[in-house]
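To start, the structure under review is shown below, and the notes come after it.
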Amino acid sequence: MSTAHAMTLLETLAATALLGVIAAAVLPLVQAAGVDRAPADAGLAEAELSILVDRVLEDPVGFGVDEDGLATPRALGSVFLETPIDGRIVELGFEVLVPSASGPDAAHTWTVWSVGGVRTLRWTPLPDTESGGGGSSP
């Protein structure tokens, strides 16, 4: 009877070793399949974001953005656009930063444009109020 028990023990050890080899071979495949999946509006490349922002700045009114809003400090907003690479619809948010009162930044505002965690900056000229350009103070 000890021969039968020895054979069963030997088979169990061989099966365990074989199972370990299979697990080691399959583990990288399982890990690769579990890679973090990005939400639908994340994962936009910086270059793609730049294309979207340039598209909006070429014709802000066509995208429903008030041109004066882009020159208004602390303005917030968003635009829904189709991405140029894969055609997904993303929400492009923007926030106009407060310009400095003097110096080289006095003639424009900086606007932060973002989708997901990707951000870029663009500047927008302020309306020319010195030449009688019809600027009104709030």
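These values consider heavy atoms only, across backbone and side chains, with no hydrogens, waters or symmetry-generated copies. Numbering of residues begins at 1 and proceeds along the displayed sequence.
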key: Sequence neighbours excluded - salt bridge (Lys or Arg N to Asp or Glu O under 4.0 Å) pairs with any residue from residues 12-28   =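 Every candidate salt bridge (Lys or Arg N to Asp or Glu O under 4.0 Å) pair involving residues 12-28 fails, so no pair, neighbours aside, qualifies.
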inquiry  = Please list all pairs meeting salt bridge (Lys or Arg N to Asp or Glu O under 4.0 Å) that have one or both residues in residues 18-27, counting only residues at least two apart or in different chains.
reply    =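 As it turns out, there is no salt bridge (Lys or Arg N to Asp or Glu O under 4.0 Å) pair with a partner in residues 18-27 once direct neighbours are skipped.
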task = Sequence neighbours left out, what passes side chain to side chain contact (heavy atoms under 4.5 Å, CB included) with L121? Give chain and number order.
result =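 L121: side chain to side chain contact (heavy atoms under 4.5 Å, CB included) contacts with L97, W110, V112.
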ask   = Who are the side chain to side chain contact (heavy atoms under 4.5 Å, CB included) partners of L19, not counting sequence neighbours?
value =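 If we apply the side chain to side chain contact (heavy atoms under 4.5 Å, CB included) test to L19, skipping adjacent residues, there are no hits.
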query = Rounded to the nearest 0.5 Å, how far does OG1 of T16 lie from CD of E11?
reply =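 With rounding to 0.5 Å, CD (E11) is 11.5 Å from OG1 (T16).
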inquiry  = Let me confirm one number: the CG-CG distance from L18 to L13, rounded to the nearest 0.5 Å.
reply    =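 One finds 12.5 Å between CG of L18 and CG of L13.
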key: Closest non-hydrogen atom pair between F94 and T111, with its separation   =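 The pair with the smallest heavy-atom distance is CB-CG2, 3.8 Å.
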ask   = How about W113 and L92: do any of their side-chain heavy atoms sit closer than 4.5 Å?
value =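 Answer yes - side chains close enough.
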If you look only at distance, which donor and acceptor atoms sit under 3.5 Å apart when one is on a side chain in residues 50-60 and the other is two or more places apart or in another chain?
unit_1, atom_1, unit_2, atom_2, d
S50, OG, E46, O, 3.2
D54, OD1, R122, NE, 3.2
D54, OD1, R122, NH2, 3.1
R55, NH1, E82, O, 3.4
D59, OD1, G62, N, 3.2

